[in-house]
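Attaching a single structure in structure tokens format; questions to follow.
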Amino acid sequence: MMFRKNRITFNNFLSSTPARAYIFQKTPYEEQIRQAARLIKDADYVLIGAGAGMSTAAGAIYGGEWFKVHFADFRRKYGTGSYMQDMYSAGFYPYPSEEAYWGYWSKQCIMAGIDADYTPLHKTLLSVLKGKKVFCLSTNADAQFEKAGLPADKIFCTQGDYFHIQCARGCHQKRYEAIELFNQMDAARKDCDIPSSMVPKCPVCGGRMNMNLRIDHYFVQDKDWYEAEKRFGYFLSEAISSGRKICLLELGVGFNTPMIIRFPFEKLMREYEQISLVRLNLNEAIIPESFGSRAVGINVDMKQSIEDICSLES
């Protein structure tokens, strides 16, 4: 097949620069919704780009009163300073031991990943994409699209997840499933710590283990990661080579790591006329002015905009 000879690689996809002239579109909200629904309906291929804002809009809670209640024991032990305000910040706390480190992270992985189920919005979105060729490029670690029914081979999670661990020094390129281990840690946790006997050690070098999340240059990209990368490249190459319409559906991607989804999506828009962009993001859905009617940016609560778009398609 022709597209396999000229397959787009993930590195090619990432080589992009931001646009220079952005605008907040002044079109009335109702017309923006109609335009977004039309761009999605007309597309044969839909590439979803999912960022943290999608999980937040779907109902994920990381801080506030929820964190204070569910992580009250950690706040009592480690204080209520800037680290202990939400799960994101608490993950960077300088825990005094591995027992303390895994005491916290096993709970976060259970709360934010293993037991997390805020998929209704994901299911609503996927329902309107039936009959289309769909792939999801995600920076989220919570596996909500997979839980909502999108096949795992249609998802590429570039930044790791809450379900695997790796050698902290990346001495070998393999990650290990840790769901059962985290549940055992959760049951055995006392005063925020796990027993020393449960602290995982690298089976190769005997050193520390860490979450398989892209937090430093030791992040492990194993065989499964590279297989997902290939499937992403094949999907995008096939879509472009087909000459059919492609919709980039960007969901909650801000400016923390725009080089993974946001800027590459803009690069694709500049290079291929067959591609359109639907950018949904509360207060950050600015659109390059040059994209014209091929793009729409909706700056409201994403749960509302997704439901409104889907209601026109149902």
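What you see is a predicted model, and the numbers here were worked out from it, not measured in a lab.
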Is the shortest side-chain heavy-atom distance between Lys174 and Gln166 below 4.5 Å?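 Heavy-atom side-chain distance check fails, nothing below 4.5 Å.
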Is the centre of the Tyr95 ring less than 6.0 Å from the centre of the Tyr78 ring? yes
Using only heavy-atom distances, determine whether the side chains of Gln35 and Arg294 contain a donor-acceptor pair under 3.5 Å.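 No, Arg294 and Gln35 have no side-chain donor paired with an acceptor closer than 3.5 Å.
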Can you find a heavy atom in the side chain of Ser82 that is under 4.5 Å from one in the side chain of Ser89? no
Under a 4.5 Å cut-off applied to non-hydrogen side-chain atoms, are Asp186 and Ile194 in contact? no
Ion pair present between Arg244 and Asp42, side-chain N to carboxylate O less than 4.0 angstrom?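 Looking at Asp42 together with Arg244, the answer is no, because their closest N to O distance does not fall below 4.0 Å.
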Among side-chain atoms of Ser311 and Asp308, is any donor-acceptor pair under 3.5 angstrom?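 Per modelled atom types, Ser311 and Asp308 side chains form no pair under 3.5 Å.
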Under a 4.0 Å N-O cut-off, is there an ion pair linking Asp161 with Arg175? yes
Validation row: Asn11, Thr9 side chains within 4.5 angstrom (heavy atoms):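 Yes, their side chains come closer than 4.5 Å.
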Is the shortest distance from a Lys or Arg side-chain nitrogen in Lys303 or Glu307 to a carboxylate oxygen in the other one below 4.0 Å?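 Result for this pair is yes, salt bridge flagged.
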From Gln304 atom CD to Tyr29 atom OH, the distance as rounded to the nearest 0.5 Å: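 With rounding to 0.5 Å, CD (Gln304) is 5.0 Å from OH (Tyr29).
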For Gly103, is there any backbone N or O sitting under 3.5 Å from a side-chain donor or acceptor partner on Ser106?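 Yes; judged by distance alone, with no hydrogens or angles, the pair exists.
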Could you please spell out the steps behind the ring pair (Phe, Tyr, Trp, His ring centres under 6.0 Å) verdict for Phe135 and Tyr45? CA-CA 8 Å; Phe135 197 96; Tyr45 292 83; over 10 Å; no
Is there side-chain contact between Cys247 and Val278, with at least one heavy-atom pair below 4.5 Å? yes
Could you tell me whether Lys154 atom NZ has more than 12 heavy atoms of other residues or ligands within 6.0 Å of it? no
In terms of side-chain heavy atoms, does Thr27 have a donor or acceptor partner in Gln32 at a distance below 3.5 Å? no
Run the ring-ring contact (aromatic ring centres under 6.0 Å, His included) test against Phe74 and tell me which residues pass, sequence neighbours left out.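 Only Phe71, Tyr104 meet the ring-ring contact (aromatic ring centres under 6.0 Å, His included) criterion with Phe74.
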Using the side-chain contact (heavy atoms from CB on, under 4.5 Å) rule, take Trp102 and Met209 through it: C-alpha gap first, then chi angles, then the decisive distance, then the call. CA-CA 10 Å; Trp102 288 110; Met209 298 289 277; 4.1 Å; yes
Candidate pair Phe163 and Asn212, rule side-chain contact (heavy atoms from CB on, under 4.5 Å), full reasoning: CA-CA 8 Å; Phe163 313 100; Asn212 181 231; over 6 Å; no
Within 6.0 angstrom of Asn256 CG, more than 12 heavy atoms from elsewhere: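 No, not enclosed.
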Interatomic spacing from CG in Leu268 to CD1 in Ile275 - rounded to 0.5 Å: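 One gets 4.5 Å once the value is rounded to the nearest 0.5 Å.
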How many angstroms lie between CD1 in Ile48 and CD1 in Ile261, if you round to the nearest 0.5 Å?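 Atom-to-atom, Ile48:CD1 and Ile261:CD1 are 10.5 Å apart.
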When you compare the side chain of Ile40 with that of Ile309, does any pair of heavy atoms fall below 4.5 Å?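 Counting from C-beta outward, Ile309 and Ile40 do come under 4.5 Å.
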Identify whether the distance between the nearest side-chain nitrogen and carboxylate oxygen of Arg279 and Glu266 falls below 4.0 Å. yes
Distance-only polar pair, side chains of Asp117 and Thr119, donor-acceptor under 3.5 Å: yes
Please tell me if the side chains of Met302 and Asn281 come closer than 4.5 Å, counting only heavy atoms from C-beta onward.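 Answer no - side chains too far apart.
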Measuring from atom CG of Leu39 to atom OG of Ser293, what distance do you get when rounded to the nearest 0.5 angstrom?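 Leu39 atom CG to Ser293 atom OG measures 8.0 Å (nearest 0.5 Å).
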Evaluation steps, side-chain hydrogen bond (donor to acceptor under 3.5 Å, both in side chains), between Arg214 and Gln221: CA-CA 10 Å; Arg214 196 182 295 276; Gln221 297 176 176; 3.1 Å; yes
Test Gln144 against Tyr118 for side-chain contact (heavy atoms from CB on, under 4.5 Å), laying out the working first. CA-CA 7 Å; Gln144 291 299 293; Tyr118 38 90; 3.3 Å; yes
In Å, rounded to the nearest 0.5 Å, how long is the span from CD1 of Ile246 to OH of Tyr272?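 If we round to the nearest 0.5 Å, Ile246:CD1 and Tyr272:OH are 8.5 Å apart.
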When you measure from the side chain of Ser97 to the backbone of Ala100, do you find a donor-acceptor pair of N or O atoms at a distance under 3.5 Å? yes
Indicate yes or no: does Glu273 engage Lys245 in a salt bridge with an N to O separation below 4.0 Å.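 Result for this pair is no, no salt bridge flagged.
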Fit a plane to each ring of Trp105 and Tyr162, take the angle between them on a 0 to 90° scale, and name the class: parallel (under 30°), tilted (30 to 60°) or perpendicular (over 60°).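 If you compare the ring of Trp105 with that of Tyr162, the planes turn out tilted.
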Charged tip of Arg262 within 45° of Phe255 ring normal and under 6.0 Å: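 Judged by the rule (NZ or CZ under 6.0 Å from the ring centre, within 45° of its axis), Arg262 counts as positioned above Phe255.
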Side-chain heavy-atom pair Cys157, Trp225 within 4.5 angstrom cut-off: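 Side chain of Cys157 against side chain of Trp225, heavy atoms only: no contact under 4.5 Å found.
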I'd like to know if Asp44 pairs up with Lys133 as an ion pair, taking the criterion as any Lys NZ or Arg NE/NH1/NH2 lying under 4.0 Å from an Asp or Glu carboxylate oxygen. no
